[in-house]
Amino acid sequence: MSPTGPAASDFPALSPQGQVTFLGAGPGDPGLLTLRAVEALASADVLVAEPDVLDVVRGHARAGVSTPELTVVDVSSTAVGVPVLRDAANLVMEAAKGGRRVVRAVAGDPGLDGNAGVEMLACAAAGVPFEVVPGVANAVGVPAYAGVPLRDAQGADVRFVDARTASDRCWSEVGASDATAVVSTTLDSVAAAAGELISAGRKPDTPLTVTIGGTTTRQRTWTATLGTIAQTLKQAKVLPSPEGHRPVIAVVGERSSAAQRDQLAWFESKPLFGWKVLVPRTKEQAASLSDQLRSYGAVPHEVPTIAVEPPRTPQQMERAVKGLVTGRYEWIAFTSVNAVKAVREKFEEYGLDARAFAGIKVAAVGEQTAAALVDFGVKPDLVPSGEQSAAGLLEDWPPYDPVFDPIDRVFLPRADIATETLVAGLIELGWEVDDVTAYRTVRASPPPADTREAIKGGGFDAVLFTSSSTVRNLVGIAGKPHNVTVIACIGPATAKTAEEHGLRVDVLSPEPSVHKLAEALSAFGAQRRDAAKEAGDPVTRPSERRPGARRRRTTT
């Protein structure tokens, strides 16, 4: 793939404090990183990796880690779109010489990367301590995600071939055997590799699968035979393509037959596989929701529609926080993560911590609000047992009892635009309420131009609206989603607002919960996939569909 790196003798003896971890980043799915890999990344001072690998591992590196850019050492290769980036050995040695902890991340497994082997030898010769953290090899991980087992109960030989370096003898041996062949090649070289195997003795009707973008939501797999793969890729309009240089894994043998893959293709069969889903919430608010969407195969894209700012007059909030310390309140009720954040920031301003809540009962609406309190060091005394809303909290809130409650007052820090439901309900239960504006919500700044274009041009497959304000604000800062985009709403009021803005609502959550909303979208995607298969049509994403027929709203 690239020239041999510098010899170990080119480097002086290095400081014993420096150390290098050669780390396998796997085929592309960050979830395939090992626990040891995550530990090594968290303690790295320097992270050396090609751009694609860097995207996989960077999220586990500590803030401030140095990520030096690799330089192009084979300029002629840029003409075909495959620049050889290889200055890693120099970067690794220079950092280790300075006594720094270096992680050298490679795609797949370091043991199968020839350049990593050269760099390990250089470390060994120079006396630099190093370790190797194995990763999931591309040739093993990609077939697993494509639903192509390499062996079965009867057992079979498995041969791994790198088409770029395979000799005539290698092709002859693999072609003359009945072993399952796992061929690493590029998209535009698949047909040539198939031809090599046929010439060496494999039958043209031998099944094979070709997978590109393996283990990522860009994964796509084609099933054909050695003799028909060229025509299959041409009919699918995959080739010719400027992306012909992209790496693929081809599996040749009976275990890659279409019949087996129909039953075993678990990854590409996820209900929202490859769907780009717009989540109009901040990254912090959307964390668990985005994780849930990823579990369905989607690619979440968070776009904040509101920004949180301090109240215009802070005196009311300051008096309430002081009242917490002086024993003014029996209860404090948090209805959002932002409310927790506002109180926590005020505590820190006064040098207080969670101990100031001693003797005060704490209520929280929603699992994320409760989690934010636990992170603060406060365990909520009351969380709604049913609906996670102000109404649900009131269902479980005890009425004021002068015998058991020495104080009759509740501190309610909340947004400036919050409804009066909770205040009215608490007063009805006999409580006095200090209803305090802890923060203001304002419309967020518009997202980047490419995001706005994707919203209006049909680049998103679905958008999740979690409140009426998210509808109004998203349309206000970015424009109306395209009519091919699936619109999913958390409840009837949000759906009504969406329809008032000219949007067709396709999915309605059965409960006012963001996670139930995601479940409902997943069910919609599954129904859509099943309908396409039943009709004999290809399974496509909404963004790939031409504007056309309206779809009925689905409630699950």
Side-chain angles (χ1 to χ4, degrees), residues 142-143 145-148 187 190 207-225 227-241 243 246 248 250-251 256-278 293-300 454 457-464 481-488 503-508 518-556:
V142 172
Y145 270 56
V148 183
L187 189 60
V190 170
L208 91 159
T209 58
V210 176
T211 302
I212 192 170
T215 80
T216 74
T217 50
R218 301 182 303 277
Q219 178 174 306
R220 191 174 177 189
T221 302
W222 296 273
T223 302
T225 66
T228 63
I229 185 59
Q231 187 64 21
T232 296
L233 294 178
K234 183 177 180 181
Q235 288 178 344
K237 298 182 179 179
V238 178
L239 290 175
S241 165
E243 295 190 337
R246 288 181 61 191
V248 299
V251 181
S256 64
S257 67
Q260 283 204 191
R261 222 185 79 78
D262 284 345
Q263 302 174 63
L264 301 178
W266 63 275
F267 186 54
E268 292 172 53
S269 297
K270 288 191 172 189
L272 300 178
F273 182 77
W275 284 39
K276 191 175 180 183
V277 179
L278 180 66
L293 289 168
R294 288 188 191 95
S295 75
Y296 301 140
V299 184
F460 284 99
D461 298 289
V463 56
L464 298 184
H482 194 279
N483 64 0
V484 300
T485 305
V486 173
I487 306 297
L503 300 175
R504 175 203 65 251
V505 178
D506 303 285
V507 179
L508 188 64
E519 283 181 14
L521 179 63
S522 172
F524 177 89
Q527 292 171 8
R528 191 176 179 277
R529 172 180 288 271
D530 291 345
K533 286 188 171 182
E534 189 175 335
D537 296 331
V539 176
T540 59
R541 301 190 307 275
S543 60
E544 297 172 318
R545 188 178 68 86
R546 291 178 300 166
R550 295 165 62 90
R551 297 179 296 285
R552 291 179 299 174
R553 177 188 300 178
T554 300
T555 304
T556 58

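Every value quoted in this text rests on a predicted model; they were computed, and no experiment measured them.
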Taken to the nearest 0.5 Å, the spacing of F524 CZ from L272 CG works out to 10.0 Å
Under the criterion side-chain contact (heavy atoms from CB on, under 4.5 Å), I'd like the reasoning laid out for L293 against L464: C-alpha separation, chi angles, the key distance, then a yes or no. CA-CA 11 Å; L293 289 168; L464 298 184; 4.0 Å; yes
For W266 and Y145, what are the C-alpha separation, side-chain angles and deciding distance, and is it a side-chain contact (heavy atoms from CB on, under 4.5 Å)? CA-CA 7 Å; W266 63 275; Y145 270 56; 3.7 Å; yes
The criterion is side chain to side chain donor-acceptor pair (under 3.5 Å); which residues satisfy it with Q231, sequence neighbours excluded? none
Side chain to side chain contact (heavy atoms under 4.5 Å, CB included) involving T216 - partner list, sequence neighbours excluded: R218
With rounding to the nearest 0.5 Å, note down the distance linking NZ in K270 to OG in S295. 6.5 Å
Suppose we screen for salt bridge (Lys or Arg N to Asp or Glu O under 4.0 Å). Which residues come up paired with R220, at least two apart in sequence or across chains? none
Return the CG to OG1 distance between L278 and T485, rounded to the nearest 0.5 Å. 8.5 Å
Could you tell me if the side chain of D461 sits less than 4.5 Å from the side chain of V486, heavy atoms only? no
With sequence neighbours left out, the residues meeting side chain to side chain contact (heavy atoms under 4.5 Å, CB included) with A454 are F460
Would you indicate whether the side-chain heavy atoms of R528 and P542 approach each other to under 4.5 Å? yes
Taking C-beta and beyond as the side chain, do L503 and V463 meet within less than 4.5 Å on heavy atoms? no
Reported OG-to-CG distance for the pair S269 and D530, which is rounded to 0.5 angstrom: 10.0 Å
4.5 Å side-chain heavy-atom contact, P271 and R529: no
Mind checking side chain to side chain contact (heavy atoms under 4.5 Å, CB included) for R261 and listing every partner two or more places apart, or none if nothing turns up? A146, V148, T209, T221, T223, A265, E268
If we only count heavy atoms from C-beta on, is the L521 to W275 side-chain gap below 4.5 Å? yes
Sequence-distant partners of L239, side chain to side chain contact (heavy atoms under 4.5 Å, CB included), two or more places apart: L187, D188, L233, S241
